[in-house]
Amino acid sequence: MHVYIEDIGKYEGKDVVIKGWLYNKRSSGKIHFILVRDGTGIIQAVVTKGEVEDEIFDGAGKITQESSLILKGTVRKDERAPGGYEIVANDLQTFQIAQDYPITPKEHSIEFLLPLRHLWLRSRKQNAILRIRHELIKACRDFFDDRGFINTDTPILTPASVEGTTTLFPVDYYGEKVYLAQSGQLYNEATIGALGKVYCFGPTFRAEKSKTRRHLTEFWMLEPEVAFLELDGVIQLAEDMTVSIVERILENRRKELEVLGRDIQKLENIRKPFPRITYKEAVEIIKTKEKDFRYGDDFGAPHETIISENFDCPVFVHHYPTGLKAFYMKRDPDDDTLSLSVDMIGPEGVGELIGGGQREDDCDVLLKRVRENKLPEDAYQWYLDLRKYGTCPHSGFGLGIERMIAWVCGIKHVRETIPFPRMLERVYP
RNA sequence: UCCUCGGUAGCUCAAUGGUAGAGCAUCCGGCUGUUAACCGGAGGGUUGCAGGUUCGAGUCCUGCCCGAGGAGCCA
C-alpha cells in the first residue's frame with residue numbers, strides 16, 4: 001500500500017510502499033542506508049545484503065541523489081533511525097537515475113541557490129518554509145471566514161494606480177495601457193457596500209527598484225475591509241488576526257519551526273494586547289537613538305527596528321501625519337494634520353507587517369484629495385460613487401504575507417518565503 | 001541611483017608578488033547500524049572580462065561586467 005512518510009507511524013510492522021526521491025545515502029559495504037523523501041517527510045530505508053536479492057542490493061548502492069524511486073518494505077521503530085522509524089527494504093526500484101544533481105548536501109551561497117530555486121525547494125528547510133506558508137495562509141482565511149467575511153478577489157489588471165505615486169508595471173491591453181495591481185483595497189471598498197465585510201487575497205506588483213530583504217516585486221497581500229468599522233476596530237481586527245496566525249502555526253507546524261531553528265519562545269510570547277503608540281510617541285522613541293530624526297519624517301527600516309526593539313510583540317503605530325499616508329486616509333477630526341492610519345511593526349527587526357486605517361467617507365473631501373494629489377478624476381468616478389450612495393465609516397488593512405511568513409519563520413529575507421521570488425533583475429526561474 | 005563587500009575546480013573556500021591547493025561532490029576500491037558516515041586512490045582550472053606595472057600577477061594599478069548586503073524608493 002502506498003503511504004506518505006508523514007503518516008509512517010500508523011504503519012508500524014506493516015508492509016508499505018514509499019514513492020519519492022533519494023535525499024542522501026550512506027553505506028557500510030554490506031548494508032545501505034537510503035534516505036528517501038516524498039515531500040511529506042524523510043525516512044531511512046535499510047537495505048541489507050543477503051536479505052534482498054543481490055540485484056536490488058547492488059542497485060541500491062548505485063542510486064544517486066534525487067533519483068526517483070519506489071521503495072517497498074516493512075515499517076520498524078528504531079531509535080537509530082532519523083525520525084524514529086525506518087523501512088526495512090525488500091524491494092527498491094528506481095524510476096530514473098538522476099545525474100549530477102547540482103545541490104549537494106552542504107552549505108551553498110545564495111548566488112548559487114537562487115538560479116536553482118526549482119531544485120532548492122526540495123531541501124528540508126525550504127520545504128518547512130513552504131509548509132508554514134501554506135498553514136499561515138490557511139490560518140488567515142479561516143480567521144476571516146469564521147468571522148463571516150466574504151472572500152471577494154479584486155482585479156489584477158487595473159486601469160490606474162491606487163495612489164498615482166508608486167511605480168507600476170504597465171501591460172498592453174489591446175493597445176491600451178493598463179497596470180498590474182498594487183492593491184485591491186479600492187475595490188474592497190466597493191465590495192463592502194455589497195457584502196459588509198470582505199477580504200481579498202492575491203498577488204500584487206510593485207515596480208520600485210527596492211533591493212532589500214523586505215521587498216519583492218511580486219508579493220501576496222491579504223486585505224480585509226469592513227463597513228462601519230473605525231480605526232480602533234481595525235487595530236483590534238489586526239491584533240486578533242495576528243494572534244490567531246501565531247497560535248495556529250505553533251499548534252500545527254511546530255516541527256517545521258524546529259527544522260528552521262526558530263526560537264519558538266519568541267512566538268509563544270505573542271499575546272494580546274499589543275502596544276499601541278502614536279506616531280508622535282514613536283518619534284520620541286527614535287529620537288533617543290537618532291537625534292537628527294524629526295517629526296514628519298517617514299520611518300525607514302532602521303527606525304522600524306528601533307521601535308520594535310522596545311517591545312516583544314508587534315506594535316501598532318497610529319495617527320501618522322497626513323503627508324506620510326495615502327490620499328484616501330480619513331483625517332483625525334480633532335487634528336487635521338493627522339490621519340486615522342495605523343501600521344503594525346513586527347518584532348525582531350522584521351519591519352512593517354500591516355498597513356491600514358480608516359478611509360475617507362465624505363465625498364466632497366475625497367474629491368478634494370483626488371484633486372490635491374493630481375489624480376485622474378475620471379478614473380476615480382466609481383470610487384467617488386461609493387461616497388455618494390450610502391457612505392459610511394469603514395476601515396481595512398493590508399498584510400504582506402511574505403513578511404509575516406519571514407517573521408514567523410525567523411528568516412531574514414522574504415525571498416525564501418515564496419516559491420519563486422520575483423526581485424529586482426531576477427525573474428528566473 | 002548611491003555605499004560596502006565579493007567573483008579561484010561542479011560547490012564551499014585557501015594560497016607574503018615566486019610550481020594554483022584543501023574539504024565536499026563525481027568515478028574506482030574497502031567497510032553489516034550509518035547519522036552532512038568513514039578510510040584509500042583518481043580525474044577535475046582561460047583564477048569574471050580587458051588593459052597596465054613587473055624578470056615574474058590569483059595577488060598590485062585602471063576600466064568594465066556580474067552577484068550579494070544595505071540605503072534610497074516603497075500602503
Side-chain angles (χ1 to χ4, degrees), chain A residues 23-35 42-52 57 61-62 64-66 76 78-84 86 88 98-116 120 123-124 161-168 181-186 188 204-217 219 221-223 225 297-305 317 320 324-329 339 341-344 349 351-357 359 396-400 403 412-413 415 423-426:
Chain A
Y23 188 72
N24 198 4
K25 73 172 195 289
R26 296 179 274 271
S27 175
S28 299
K30 299 288 190 297
I31 180 165
H32 299 309
F33 297 95
I34 308 287
L35 289 173
I42 296 175
I43 194 160
Q44 171 170 288
V46 187
V47 190
T48 311
K49 194 171 176 69
E51 292 179 19
V52 296
F57 180 82
K62 286 180 184 143
T64 54
Q65 193 189 353
E66 289 304 320
R76 182 169 72 187
D78 193 312
E79 281 181 6
R80 293 170 295 185
E86 63 185 16
V88 181
Q99 296 290 346
D100 299 323
Y101 186 71
I103 306 176
T104 55
K106 56 169 290 193
E107 300 268 331
H108 294 283
S109 64
I110 197 71
E111 295 97 310
F112 177 71
L113 291 170
L114 279 173
L116 293 172
W120 183 22
S123 75
R124 205 189 289 243
S161 101
V162 170
E163 289 181 76
T165 54
T166 52
T167 322
L168 305 182
Q182 61 150 347
S183 165
Q185 185 213 306
L186 300 196
N188 277 344
T204 46
F205 306 87
R206 306 276 165 89
E208 285 118 16
K209 302 213 166 179
S210 300
K211 190 173 155 48
T212 82
R213 67 191 148 93
R214 290 176 300 279
H215 288 88
L216 298 169
T217 54
F219 64 98
M221 192 152 66
L222 183 117
E223 295 172 279
E225 191 77 23
D297 290 346
D298 203 358
F299 301 148
H303 307 122
E304 290 176 347
T305 303
V317 180
Y320 284 79
L324 299 180
K325 290 294 171 184
F327 76 94
Y328 50 71
M329 286 293 182
S339 59
S341 52
V342 61
D343 284 356
M344 188 179 86
E352 182 188 331
L353 298 173
I354 284 174
R359 325 304 189 187
F397 64 80
L399 159 68
R403 288 184 182 182
K412 291 260 165 6
H413 203 301
R415 66 188 162 206
M423 293 175 291
L424 189 60
E425 293 174 42
R426 192 184 279 283

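Because only heavy atoms are used, hydrogens play no part in the values below, and waters and symmetry mates are left out as well, while side chains stay in. The sequence lines fix the lettering, A, B, ..., with proteins before strands; numbering per chain opens at 1.
Taking the C1' atom of each, B:G58 and B:U47 are spaced 5 Å apart, rounded to whole Å.
The separation between A:Q182 atom CD and B:C73 atom C1' is 13 Å, rounded to whole Å. The nearest whole Å value for the distance from the CD1 atom in A:I34 to the P atom in B:U34 is 16 Å. Put simply, CZ on A:R415 is 4 Å from P on B:G69, counting in whole angstrom units. Per the geometry, CD1 belonging to A:I103 stands 17 Å off C1' belonging to B:U26, to the nearest Å. Spacing between atom CZ of A:F33 and atom C1' of B:C31 amounts to 12 Å, rounded to whole angstrom units. Residue A:R26 contributes atom CZ, which lies 6 Å from atom P of B:A36 at whole-angstrom precision. In this structure, A:H215 atom NE2 and B:A71 atom P are separated by 9 Å, rounded to whole Å. Atom CG in A:D298 sits about 14 Å away from atom P in B:A71, given to the nearest Å.
No side-chain donor-acceptor contact under 3.5 Å links A:T104 and A:Q65.
Residue contacts for A:P102: at a heavy-atom cut-off of 4.0 Å it reaches no nucleic acid atom on any strand shown. Using a 4.0 Å heavy-atom criterion, one finds that A:R426 contacts the sugar-phosphate atoms exclusively. Across all strands, A:H32 comes closer than 4.0 Å to no nucleic acid atom at all (heavy-atom distances). The residue A:G29 sits close to a base: some heavy atom pair falls under 4.0 Å. The residue A:N24 sits close only to the backbone: its heavy atoms come under 4.0 Å of sugar-phosphate atoms, none of a base.
Nucleotide B:A68 has B:U4 as its partner under the Watson-Crick or G-U criteria, with both atom distances under 3.5 Å. Base pairing of B:A57: no nucleotide in any strand meets the Watson-Crick or G-U wobble criterion (both distances under 3.5 Å). In this entry B:G17 has no Watson-Crick or G-U wobble partner, no candidate having both defining distances under 3.5 Å. In this structure, B:C24 forms a base pair with B:G10, meeting either the Watson-Crick or the G-U wobble geometry with both donor-acceptor distances under 3.5 Å. The base-pairing partner of B:U46, taking Watson-Crick or G-U wobble contacts with both distances under 3.5 Å, does not exist among the strands shown.
Considering only the side chain of A:I31, B:G33 comes nearest among B:C11, B:G33, B:U26. You'll find that the side chain of A:R80 is closest to B:U34, out of B:U34, B:C24, B:G67. Closest to the side chain of A:R76, from the set B:C73, B:G33, B:C31, is B:G33. Nearest to the side chain of A:A301, among B:G67, B:A71, B:C73, sits B:A71. Here the side chain of A:Q44 is nearest to one of B:C73, B:A71, B:G33, namely B:G33. Closest contact between the side chain of A:P302 and the listed nucleotides B:U32, B:G69, B:A71 involves B:A71. Side-chain atoms of A:S109 lie closest to B:U12 of the nucleotides B:A68, B:U12, B:G33. Relative to the side chain of A:F112, the nucleotides B:G70, B:G33, B:U12 differ in distance, and B:U12 lies closest. Nearest nucleotide to the side chain of A:R213, out of B:U34, B:C74, B:G70: B:G70.
Between the OG1 atom in A:T204 and the CZ atom in A:F219 there is a gap of 3.5 Å [rounded to 0.5 Å]. Between atom CG of residue A:L353 and atom CE of residue A:M344 there is a gap of 4.5 Å, rounded to the nearest 0.5 Å. One distance of note links CZ of A:F57 with NZ of A:K30; it measures 7.0 Å at 0.5 Å rounding. Distance CG/A:D78 to CD/A:Q44: 8.0 Å, rounded to 0.5 Å. Here A:L114 contributes atom CG and A:S109 contributes atom OG; the two are 9.0 Å apart, rounded to the nearest 0.5 Å.
Within 3.5 Å, no donor on the side chain of A:R214 pairs with an acceptor on the base of B:G72, nor the reverse. Between the side chain of A:E86 and the base of B:G33 there is at least one donor-acceptor pair of N/O atoms closer than 3.5 Å. Applying the 3.5 Å distance criterion, the base of B:C24 shares no donor-acceptor pair with the side chain of A:T104. With hydrogens and angles ignored, no donor-acceptor pair closer than 3.5 Å exists between the side chain of A:K209 and the base of B:C73. Side-chain atoms of A:H108 and base atoms of B:C11 include no donor and acceptor less than 3.5 Å apart.
Residue A:R206 has no polar side-chain atom (N or O) positioned under 4.0 Å from OP1 or OP2 of B:C73. The side chain of A:K30 places an N or O atom within less than 4.0 Å of a non-bridging phosphate oxygen (OP1 or OP2) of B:U32.
A donor-acceptor pair under 3.5 Å links the side-chain atoms of A:R359 to the main chain of A:G396, judged by distance alone. In terms of modelled atom types and a separation under 3.5 Å, the side chain of A:S339 and the main chain of A:Y320 share a donor-acceptor contact.
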